[in-house]
Structure formats: structure tokens, C-alpha cells
Number of protein chains: 2
Amino acid sequence: MPYSAVRYRANLRIMHPVDATDTRILRALAVDPRRTVVALAQELGLSRNTVQARLSRLEQHAFLAFDRRINPASLGYPLLAFITVHVQQRKLGPITEAIAQIPEVLEGHGLTGTADLLLRVVAVDAEDLFRINGKILACDGVERTDTALAMGELVPFRMDPLLERGPRPAG
Amino acid sequence: MPYSAVRYRANLRIMHPVDATDTRILRALAVDPRRTVVALAQELGLSRNTVQARLSRLEQHAFLAFDRRINPASLGYPLLAFITVHVQQRKLGPITEAIAQIPEVLEGHGLTGTADLLLRVVAVDAEDLFRINGKILACDGVERTDTALAMGELVPFRMDPLLERGPRPAG
DNA sequence: GCCGAAACTGAGCAGGATGCCCTATTCGGC
DNA sequence: GCCGAATAGGGCATCCTGCTCAGTTTCGGC
């Protein structure tokens with residue numbers, strides 16, 4: 001059974017609609033760790049060709065980058081924090097660029113509501129987190145930050161419930 | 001070149017320290033999408049055996065579940081929102097369980113600070129999000145929710161900067 | 001400086017998966 | 001009822017995987 005860490009830089013904008021068969025494939029993948037195309041085909045009662053074609057499509061359009069599967073804790077960053085950032089809105093562009101320079105910021109979202117940015121940040125320890133927060137505050141245009149330390153993953157990441165339910169009619 | 005959607009239910013608690021060589025492997029994986037063990041070994045100047053052994057270890061200890069690579073948008077959930085939840089703290093357990101029943105909640109973290117919970121939620125559309133928010137509010141013990149819609153992924157998820165930097169001494 | 005454990009290398013082997021081709025057939029929408 | 005897309009089925013050369021074993025190197029502790 002082959003190993004291969006699939007990682008396609010899927011563009012978030014392009015969202016390829018996934019049909020029922022794709023969903024079955026995804027579910028099968030989700031249930032069991034490493035599967036060969038042949039095994040999948042057998043299990044789903046499809047021809048190997050079909051599965052292979054659909055997997056190619058999924059890889060190109062429906063899979064996110066491989067990064068997401070790397071556990072930051074393994075890299076030595078056991079602390080996870082969510083930092084809310086209030087900024088001068090017209091400086092949002094430069095601020096985003098500046099924040100993107102900080103390695104510990106894993107992802108950042110622009111938000112509606114009172115806060116402007118939500119950052120997912122990892123850190124080596126509390127002191128490290130303090131330092132990172134300082135770097136964010138130092139960015140020109142940042143007015144305030146609120147740091148919330150993640151104490152526990154109360155609902156561990158999962159996609160299964162959505163897969164179980166099957167694909168939505170995309171609207 | 002084989003395909004295989006690697007997915008090990010890595011326990012978040014167990015964080016296997018990743019050394020420099022592991023990091024090189026991860027970086028190689030991150031740079032290029034699908035790689036065979038042979039290709040990795042060649043590229044890194046290691047023996048196939050070594051790479052294979054390290055990959056097994058990484059799969060078991062440093063990789064998160066495969067779910068994370070699935071783009072919710074492809075499943076028909078293009079909307080992403082972060083919902084902050086204030087709860088009666090002593091009911092946190094039951095609340096967590098109740099919230100975990102909601103499929104659209106992809107992950108939930110317990111937080112320090114004013115808010116108690118931060119949920120990552122996907123939805124089909126605004127109306128759907130409203131409905132989901134209602135389900136959360138309906139959980140016994142939930143006092144208030146704040147929904148922030150993610151307008152854009154200003155800093156797209158990435159781990160590369162941390163990988164570039166190499167492993168931290170885990171403390 | 002020495003010892004032992006852990007990691008790495010190199011080799012080999014059987015099984016089988018991949019990637020790709022082609023064609024006939026089925027299915028669904030128009 | 002027709003057309004196009006998706007699928008099944010078969011085939012083939014390549015070469016990857018998983019596993020084992022022994023010998024060598026590296027590294028850390030004493």
C-alpha cells in the first residue's frame with residue numbers, strides 16, 4: 001500500500017461541487033486512513049477508472065493544502081491562541097501583509113462585526129505568545145488586540161457529520 | 001505514482017517531537033503535492049528505509065486526520081463563521097456535547113478570557129447560518145452567542161514559515 | 001575515551017498499485 | 001429519441017510499497 005502525502009494547493013475560491021459519489025469516496029477516506037484506489041473502488045463498487053478520475057478531480061478542486069494535516073504541537077508549538085484584532089480599516093491591506101510576515105500566524109480571517117481580524121496563532125509558550133502579540137500590535141494601523149488562549153479542543157475538528165449528510169445542493 | 005489519502009487519527013495530546021530531518025521531509029511534502037517515498041528519499045539524500053520509517057512515525061504521531069484537507073465549500077458550505085459562545089460555566093460539559101451534535105460545527109475551542117467557546121461553523125447560506133446559531137442558542141446553559149462571518153481568508157492557512165524555521169526545542 | 005542504543009544504509013523480493021490507453025455501455029438531460 | 005458525459009472492463013509496462021536482514025554510522029551517557 002503506497003504512501004503519498006497528497007497536497008494540492010487548492011484554490012479556496014474554486015469550489016468544485018462534490019456529488020454523492022464523491023461524498024462516498026470522501027467518507028470512505030475519512031473512515032479509514034490509507035486507502036489505495038483499488039481498495040476504494042472495490043469497497044464502493046465502482047471501477048478503478050472511475051475512482052481514479054474522481055480522485056484526480058477532488059485533489060485538484062476539493063482538497064486543501066497538505067499543511068493542514070501537520071500538527072503544530074509536533075513542531076514544538078503546543079500553544080494555540082485566537083487573537084482578535086481591531087484595526088484602522090483603511091489600512092487593512094498593509095496590516096494584512098505585515099501580519100502575514102509573522103510565522104506563528106497560521107491563518108487570518110477578515111470578519112464582520114466589531115472585530116476586524118481573527119488570527120489563529122501558535123506559540124512555544126506563554127512568553128512566546130506575548131512576544132507574538134507584541135509583533136501584531138506593532139503593525140502600523142493595529143489599534144487593539146484581544147488574545148484568547150485555547151484551553152482545550154472541546155469539539156475536535158471533524159467533517160464526518162457533514163459527509164454523512166451528503167452533499168448540499170450548493171445554495 | 002501512487003495515490004493515497006493518508007489519514008491517521010492522530011491524537012492531539014500526543015505530540016511527537018519532530019526533528020530536523022522530519023522537518024525536511026515535511027517541507028518537501030509541503031513544497032510538492034504528491035510524492036512517493038522513493039522520490040522523497042532521493043531528493044533528501046536519505047535511504048528509502050529511513051524515509052519510510054520516519055513517515056510511519058509522522059503519520060502516527062504528527063499528522064492530523066484527513067478531514068482537514070476537505071474543503072467545506074466543495075461540500076456545499078461556502079460560508080464560514082466564527083461563533084463566540086458565552087455559557088454558564090458549570091454546564092460546560094453538557095453544552096459541549098449538545099453543540100457537538102450540530103454537524104456544521106467543524107471545531108470548538110474552550111477559551112480563556114471573556115468568551116467561553118469559539119466555534120468554527122460552516123453554512124450553506126446566511127439563512128442557514130441563522131438557523132445554526134439558533135440551534136446553539138437553544139442549548140441549555142448557553143447565554144449568548146456572537147456570530148462573526150468570515151469575509152475573506154486574509155492570511156490563507158499556512159505552516160511553511162514554521163517549517164522553514166525548523167523545529168523548536170519544544171519548550 | 002568507551003560502550004550501547006538508536007538510526008541509517010543497502011540490498012533483495014514478491015505482490016500489486018499506478019498511470020495510461022482504448023472501447024462498449026449506461027445513464028441522464030435536453 | 002438523441003447526444004454527451006460518466007462508467008465499466010480489459011490490458012500493459014513501470015515501479016512503488018511493505019517487509020526483512022545484516023552491517024555500519026551516529027549520538028549520548030557514563
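Naming convention: chains lettered A, B, ... in sequence-line order (proteins, then strands); numbering from 1 in each chain.
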Next item on the list: Quickly work out the A:Leu46 CG to C:dT26 P distance and round it to whole Å.
Entry: 17 Å

Check: Between the base of C:dG16 and the side chain of A:Arg48, is there a donor-acceptor distance below 3.5 Å?
Finding: no

Checklist line | Heavy-atom closest pair, residues B:Ala81 and B:Thr147 | finding: CB-CG2, 4.2 Å

Note to self: Whole angstroms only, please: what is the CG-P distance between B:Asn49 and D:dG23?
What the structure shows: 16 Å

Margin query: With nearest nucleotide decided by heavy atoms, which residue, B:Gly45 or A:Ala39, maps closer to the 5′ end of DNA chain C?
Written below: B:Gly45

Next item on the list: Please state how far atom CZ in A:Arg54 lies from atom C1' in D:dA5, giving the value in whole angstrom units.
Entry: 11 Å

Check: In whole Å, what is the span from the CG atom of A:Leu55 to the P atom of D:dT7?
Finding: 12 Å

Margin query: Rounded to whole Å, how long is the line connecting atom CD of A:Gln42 with atom P of D:dA8?
Written below: 13 Å

Item checked: Heavy-atom closest contact (B:Val87 atom, B:Asp116 atom, distance) -> N-OD2, 2.8 Å

Checklist line | Separation of atom CD in A:Gln52 from atom C1' in C:dG16, rounded to whole Å | finding: 14 Å

Notebook entry, point to check: Any side-chain N or O of A:Thr50 under 4.0 Å from OP1/OP2 of D:dA6?
Noted result: no

Check: Do you know the tightest heavy-atom contact between A:Met159 and B:Leu106?
Finding: SD-CD2, 4.0 Å

Check: Of all heavy-atom pairs between B:Lys135 and B:Pro103, which one has the smallest distance, and what is that distance?
Finding: NZ-CD, 4.4 Å

Note to self: If I take atom CG in residue A:Leu44 and atom P in nucleotide D:dA8, what distance separates them, rounded to the nearest angstrom?
What the structure shows: 10 Å

Check: Quick one: B:Arg57 CZ to C:dA7 C1', roughly how many Å, whole number?
Finding: 9 Å

